[in-house]
Structures are given as structure tokens and as C-alpha cells.
Protein chains: 2
Amino acid sequence: MVERSRSRRPTIIDVAERAGVSKSTAARALAGSSNITDETRERVVKAAAAVGYERNHLAVGMRSGRSGMLGLVIPDIANPFWAEVARGAQDRAARAGASLLVFSSDWDPEAEATHLRTLRRARVDGAIVNPVSDSFDDLDRFGMPCVFIGSSAERYPDISSVGSDITQAVRLGLDHLMSKGHVAPALILGPKSRLARARFLRAVHEHFVERDLDPGVLAVEDGEYTVEGGREAMRRLLAQPRVGHLAVFAANDMMALGAMMAVRDAGLDCPRDVSILGFDGIPSGEFAWPGLTTIAKPGRDIGERAVEGLFDEIEHRPEHRRIYMPCRLLERGSLADLSVAAPQRIAGAGRN
Amino acid sequence: MVERSRSRRPTIIDVAERAGVSKSTAARALAGSSNITDETRERVVKAAAAVGYERNHLAVGMRSGRSGMLGLVIPDIANPFWAEVARGAQDRAARAGASLLVFSSDWDPEAEATHLRTLRRARVDGAIVNPVSDSFDDLDRFGMPCVFIGSSAERYPDISSVGSDITQAVRLGLDHLMSKGHVAPALILGPKSRLARARFLRAVHEHFVERDLDPGVLAVEDGEYTVEGGREAMRRLLAQPRVGHLAVFAANDMMALGAMMAVRDAGLDCPRDVSILGFDGIPSGEFAWPGLTTIAKPGRDIGERAVEGLFDEIEHRPEHRRIYMPCRLLERGSLADLSVAAPQRIAGAGRN
DNA sequence: CTGAAAGCGCTAACAA
DNA sequence: TTGTTAGCGCTTTCAG
């Protein structure tokens, strides 16, 4: 059993005294230095265990200039995607013996600034940030090694970043839609101000152009990245005249779920009347009825890689400064298979 | 604009030199001490801004013995309930100028121990923990001010805790079920080893006894606190002979969602054939079809109160050491209303 | 192989 | 009101 004085946490001096050596010897023994008699080392280790010694990382940080802590600033830890990212980051950091200070910015630039200041004062070794604004130039505000998460990072070539491969994701989605016979899906996208929207749209266009199809025919509706945003966008889509089955590719699972609600509101059935493809891979999609078919972002991997990138940054190893993680298809039940039910449709659509 | 030497972060000495005072004067000025000429203070503040000074919290922590950091050890930050708790804790901590080190234990005692050790080494001022095990006696392993979250805390009168008020929650659920004409709901509960299960069951019994009903008639199935656990439990429930409508009260939303799947698997309809009431209030329940009616735990509030309790603990203010947060009903669509459709059922059931 | 001493940045006690 | 000094716990020279 460990003796634990109620009053004070044992320091290395307590260990040294108990082992009958100087504190520098004790430190060396505990650090696993080579210039130590095996016998001395053993005595020190035993003494440390006996007094319940635990190295004070604050003190270590002061001396070494490395606190062993990393910061994470994301929009909202209660959002399932960001929670996944946080989990990945946390696991990777813990594996390296580092700890993670987590903050939510709520997409508020002031909150972000406050949190970054707190991180700097805490002397974290670096920070992983999903920057609130797409259009800041005051990069000074970071003032520490940083890795960005998300598409806004694109504009800052000096800062390394990790994100999902939107191009690949969009292709995956579009190919899957086509394989099911949906050649001209409507798009439900985020607000025009968001860089991610432009990236998504660009990928769609490229994909169409490569196949000699005209992206101009695609219906597009915008909305906030929320359930309500998706619901309204779908409402507008359903109000438009159309023939036959409607397929929708939403830029975000929440919007896709909202779209699904709008379909139900309109007395229609998904996937019979309307097919919906999402993007994110949040767990809620699994329990929706029908299950939401979606392109899943590897949130956990993104978090892990961000931490790895941050370590590279901290150690001045400027390796791969721009990482795009591949997404994968999660097939559930929200897409009708027109290629089986009505093969003539495909041919017809192809001719357009 | 701030001058920022690329090499070294400015210390209080840089500020002092620039202001032409000693470092203690600079410190006093920055701390807002009273024994300072307004003129001096202003000079110091200006100098601090000019060099871009930011107080080193590691150093402050060393001197003061207070690191300004709190630890949070929960089963899984990627679980929506715990993410809510984390969010509440984080917000409350930030409001007090503290930061939060977040760790996930995955219900693994070893991982928990490792994380607690890390927190102790980081010299956090205290920790909020959802203890993995219900049956530990080595309370020493904490070795710092602690607040527990969850029911296992009940066994440790010396440690303050915050949790949801299961008794109130169960009453709320049972009353609601009864108001809809479901007098003898089947129960889907967690593993027998969990203290929370016993608490839940006890509350059900009390409620029944108070109303002169016999709790012995209630069917009970156990399972893991997962979707699959709930699905299997519901499968077993459906295999039992029964007359008329089946109502189920699940101890956890994931299980409730799994139960809903099992109902679908059996070719039955919720809520027409089976009514399901959940417990937790996770967002997925909103998108399920039908929407899951559930008793929502105030995750965010729990996190906030835990931090407040931890501050009390740290400052040796042993106020309210046991806090139970009230839950609320989230009515969605998973409960049939038998009281309207078939009032004779209620009378019949009441006679049993 | 081991010990003594310096210093990371800060604040508080003591002096002036 | 301000300056000087000590020391929080640790690691790392530099001597021995």
C-alpha cells in the first residue's frame, strides 16, 4: 500500500530522501537515464512507489517548454460528427501520452478567439482548429503550431490541414445514384457563404463534365446545415413540377433527415417516391425509417490524423501538410433501385 | 499591431523592461492589485499589449498550486448523452476561466486508471468521473477532489455526485404510460450487475405499490445497454404469449431504438401494435420513425452542476453533495393512446 | 556514476 | 508605491 500524506503531494525530493540519493540522481533514475547503477535505480524506483510519487507535469512543462497538452477547438462537441473527431483526436493524443483540452466555439468568432487565447496561456504544444471563418487574415491569432480541420483550410497554404476528400465523396455518391438509375439528382446544399458548398458543387460539375453530361440540368436548393434547413429545401423541391421519381443528394445528414421529414409531410414515401442520399454518416441516420443511405466521413480518423499532423508540426517535420481522408458509402434504405424496377428510365434519362 | 518575436514568447520580464519597472510591479499591475499608481499600471498594461504578453498558466499553476484545469473522465465522448454532459461541463468551466481535459474510458477500468493518473500528473484541480466500476473500494485511486456522475456514486457517501433523478423519471414515464392506457408495461432493463438497473426497478416497484398495483405482473427482459441488446430483449418479449397491445418501457434510448427495430422485424407496427417509451433523450430518437417518446435526462445541466460541485469540493465548501436532476418527458410518436381508442381496455386491465 | 547549482515564469513576503 | 528575493518541482549542465 502506498503511504499518502494528506497534506502534500510527494515531490522528487521526497523520493530522493527516501532512497538516500540526491534529487538529480532520483530524476535520472526515474527518467531511465543510462548513467545509473542498476542498484541505485532500483532503490529510487522503489522509493518512488513507496511514497506514491507522480511526476508533476506542470513543472516538467516549465522546464522543458513542452506542456504535453494539445488544444481542440471545434464548433460543438455535442454534434455527433465533431464528437467523433474529438474521440479520434483524444485517443491518438492519449496514445502519445498527451492530453487534450477541448473547446466548443459554436461557430462564434469571439468564442473561438477566447478559446485560442486560453490555449495559448495554458501553453499547449499546439492546437487543432476548425476555423469559424473562411475569410480571416489575422493568422497571428493562432500564435502556436496549428492544424486545421475542414475545407476552409484550403485558403491557408502555410497551415497544414486534415479534411475529408469531398471530391471522392461526391463521386462515390453520384456513381452510386447512377448505378441505381438516378442520373440527375437534385442537390440540397449549405449556405452560399460556406466554402464547403463551393467545393461540393465543383466536384459535382467535374463529375458530370467528365461523363459528357450537363450539370446545368441539376436542381439546387440551399439551406442551413440543419434539419429545418433540409426540410424547407425539400419542401421547395417538392413544390417544383417534376416527372417520375425524385432523387436528392444532400450535403449533410441533418439536412437529409429534414428532407425525409418533408417527404413524409407531403404524404409521399421514401424511397418509393423520393430517394435521399446524405453526407456525414451520423448515427441518427441508422435509426431513421427508412435508414438513411449516406456517404460517411471518417470523423475519428480525421481526428487521429489531425493529431499526428500536429505532432509533425510541433517537431518541425513538414511532411504531408494537406490530408484528404476518403469517405465511404453507407448503404441503408433511402434509395430506390430504378435500374431494376424500370430499366427504360435509365436509357431515357441517358438520352437527355 | 503586436510585435511578436519568432523565437520566444514574451514573459513578464519583457513587459517589465519595456515599462521600465520591476517584474513584481508588472505582475501587480497586471493582476489588478490596488497598491499601484494609475500611471504605472497604464504603462505596464500598454507594454504588455505591445509585446503581446500572455500570462503563462503553467508557471502560475506551479506557484499557486492551482492549474486552472479540470478533468473529465466519461465512458465515451462519441456517445450523444456523454457528449451533452461534456458540453455542459465545458461551458461551465470556461465561464469560470478553467479548461477541461477530456478522456474516454470505454467502460474499461484500466483505461480509467490510466486517465486518472494522467490527470493527477497534469495537476488538474479536480476531476469529474463516471466511475466504471460499481464495486471499487480503492477510492485512493482518485487522489484529488472528485465529483461522480451517475448512480454508482450512491455507494460513496464521502464523494459528492450529480445524476439524474431516476425515481422522478420513472414516475414520469409510468404516469404517462398510464394516462395513455398502458397499465402494465413490460420493462427492458440493463444488465443485472449495474446499480442503475436496481434503482430503476426499485422506482417502478414503489410507484406500483403506491397505487395498490402489483409490480409482480410486469414482464422484465435484460440486455446490454445497446441497440442490439434492446433488439434481442424485444424479440424475447414478442415471443411470449400476450393479449392485445404491448407497451414497453426501456431503460435506455439505444435499447428502445433496438426494440423498435425488433417490432419492425416481426412485421408489427409501432405504435399500432406495440408502444415504446425510451429513457435518455438522445437526438437519434427524434428521427426514428415513429419518433421515440422518451424521458430525457438533462445531460448538459448534469455537466454544469458537476463542475459547480467540483468547485465547491476544491474550495472545501461541502454544500449539496448529492444532486439529482429532474428529467422531462419528450412526447413524440411511439406511444399509442389506448385511453381514446379503446377505453374498455383500461377498465379491463385495471381489474387484473 | 553522483551531487551541487542554475533556471524555466510567476507571485508573495519582506524591505526600502 | 516599488524593488529584491525566494521558491513552486523539475531537468540539465558542470564538477567531482
Side-chain angles (χ1 to χ4, degrees), chain A residues 5 7-45 47-48 51-69 97 120-125 143-144, chain B residues 5 7-45 47-48 51-69 97 120-125 143-144:
Chain A
S5 112
S7 45
R8 206 176 40 81
R9 308 272 277 264
T11 76
I12 197 154
I13 297 190
D14 299 306
V15 177
E17 277 176 1
R18 179 147 187 143
V21 298
S22 74
K23 61 174 180 159
S24 19
T25 303
R28 272 190 286 257
L30 261 16
S33 164
S34 49
N35 296 342
I36 285 277
T37 324
D38 277 353
E39 190 258 322
T40 310
R41 186 198 314 284
E42 201 184 324
R43 228 177 41 244
V44 171
V45 168
V51 300
Y53 172 71
E54 268 169 338
R55 195 191 257 103
N56 182 335
H57 266 59
L58 255 39
V60 173
M62 272 218 66
R63 247 224 77 118
S64 68
R66 284 288 206 93
S67 65
M69 303 187 301
R120 260 177 277 127
R121 288 201 285 235
R123 293 300 191 267
V124 294
D125 297 328
M144 59 193 148
Chain B
S5 114
S7 44
R8 202 176 45 79
R9 305 273 277 265
T11 75
I12 199 155
I13 297 189
D14 300 305
V15 177
E17 279 176 0
R18 178 146 189 148
V21 297
S22 76
K23 61 176 182 158
S24 24
T25 302
R28 273 190 287 256
L30 262 16
S33 164
S34 51
N35 297 341
I36 284 276
T37 325
D38 278 352
E39 189 259 323
T40 311
R41 185 198 313 285
E42 199 184 327
R43 235 185 27 250
V44 171
V45 169
V51 300
Y53 172 71
E54 267 168 341
R55 193 191 258 102
N56 183 335
H57 265 59
L58 255 40
V60 172
M62 272 218 66
R63 250 226 73 120
S64 68
R66 284 285 209 96
S67 65
M69 302 187 301
R120 258 176 278 127
R121 287 200 286 234
R123 293 300 191 265
V124 294
D125 298 327
M144 58 192 149

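As a basis for the values below, the full set of heavy atoms in this structure was taken, side chains included, without hydrogen atoms, waters or symmetry mates. Reminder, nothing fancy here: chain letters follow the sequence lines and each chain counts from 1. A quick note: this is a predicted structure, and the numbers were derived from the prediction, not measured.
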Task: Interatomic distance where CG belongs to A:Asn35 and C1' belongs to D:dT13 [whole Å] - done: 13 Å
Open item on the list: Just the rounded figure in Å: distance from P of D:dC8 to CZ of A:Arg8.
Closed with: 9 Å
Task: Side-chain N,O (A:Ser64) to OP1/OP2 (C:dC8) below 4.0 Å - done: no
TODO: Compare side-chain N and O positions of B:Arg55 against OP1 and OP2 of C:dT11 and report whether any pair is under 4.0 Å apart.
DONE: yes
Open item on the list: Measuring from the side chain of B:Thr37 (C-beta onward, heavy atoms only), which nucleotide among D:dC8, C:dT2, D:dT2 has the closest atom?
Closed with: D:dT2
Open item on the list: Treating A:Ser67 as the side-chain partner and A:Gly61 as the backbone partner, does any N or O pair qualify as donor plus acceptor under 3.5 Å?
Closed with: no
Task: Euclidean distance, atom CZ of residue B:Arg66 to atom P of C:dG9 [Å, nearest integer] - done: 24 Å
Task: Rounded distance (Å) that lies between atom C1' of C:dA12 and atom CE of B:Met62 - done: 15 Å
Task: Residue met sooner reading DNA chain D from 5', once B:Thr40 and A:Thr11 are mapped to nucleotides - done: B:Thr40
- [ ] Return the value, rounded to whole Å, for the distance between atom CD of A:Glu54 and atom C1' of D:dG9.
- [x] 14 Å
Name the pairs: protein N/O against N/O of nucleotides 3-6 of chain C, kept only if under 3.5 Å.
| unit_1 | atom_1 | unit_2 | atom_2 | d |
| --- | --- | --- | --- | --- |
| C:dG3 | OP2 | A:Ser22 | N | 3.0 |
| C:dG3 | OP2 | A:Ser22 | OG | 3.2 |
| C:dG3 | OP2 | A:Thr25 | OG1 | 2.5 |
| C:dG3 | N7 | A:Arg28 | NH2 | 2.7 |
| C:dG3 | O6 | A:Arg28 | NH1 | 3.2 |
| C:dG3 | O6 | A:Arg28 | NH2 | 3.4 |
| C:dA4 | N7 | A:Ser24 | OG | 3.3 |
| C:dA4 | N6 | A:Ser24 | OG | 3.3 |

- [ ] Let me know the distance between CZ of A:Arg123 and C1' of C:dC10, rounded to the nearest Å.
- [x] 11 Å
Open item on the list: Just the rounded figure in Å: distance from C1' of D:dT11 to NE2 of A:His57.
Closed with: 13 Å
TODO: Let me know the distance between CG of B:Leu58 and C1' of C:dC8, rounded to the nearest Å.
DONE: 10 Å
Task: Heavy-atom check, side chain of B:Thr11 versus side chain of B:Asn56, under 4.5 Å - done: no
Task: Carboxylate-amine/guanidinium proximity below 4.0 Å for B:Glu54 and A:Arg121 - done: no
- [ ] With salt bridge (Lys or Arg N to Asp or Glu O under 4.0 Å) as the test, would you mind laying out the steps for A:Arg8 and A:Asp14 before giving the verdict?
- [x] CA-CA 11 Å; A:Arg8 206 176 40 81; A:Asp14 299 306; 3.1 Å; yes
- [ ] Looking at every strand, decide which applies to B:Asn56 at a 4.0 Å heavy-atom threshold: base, sugar-phosphate, or nothing.
- [x] sugar-phosphate
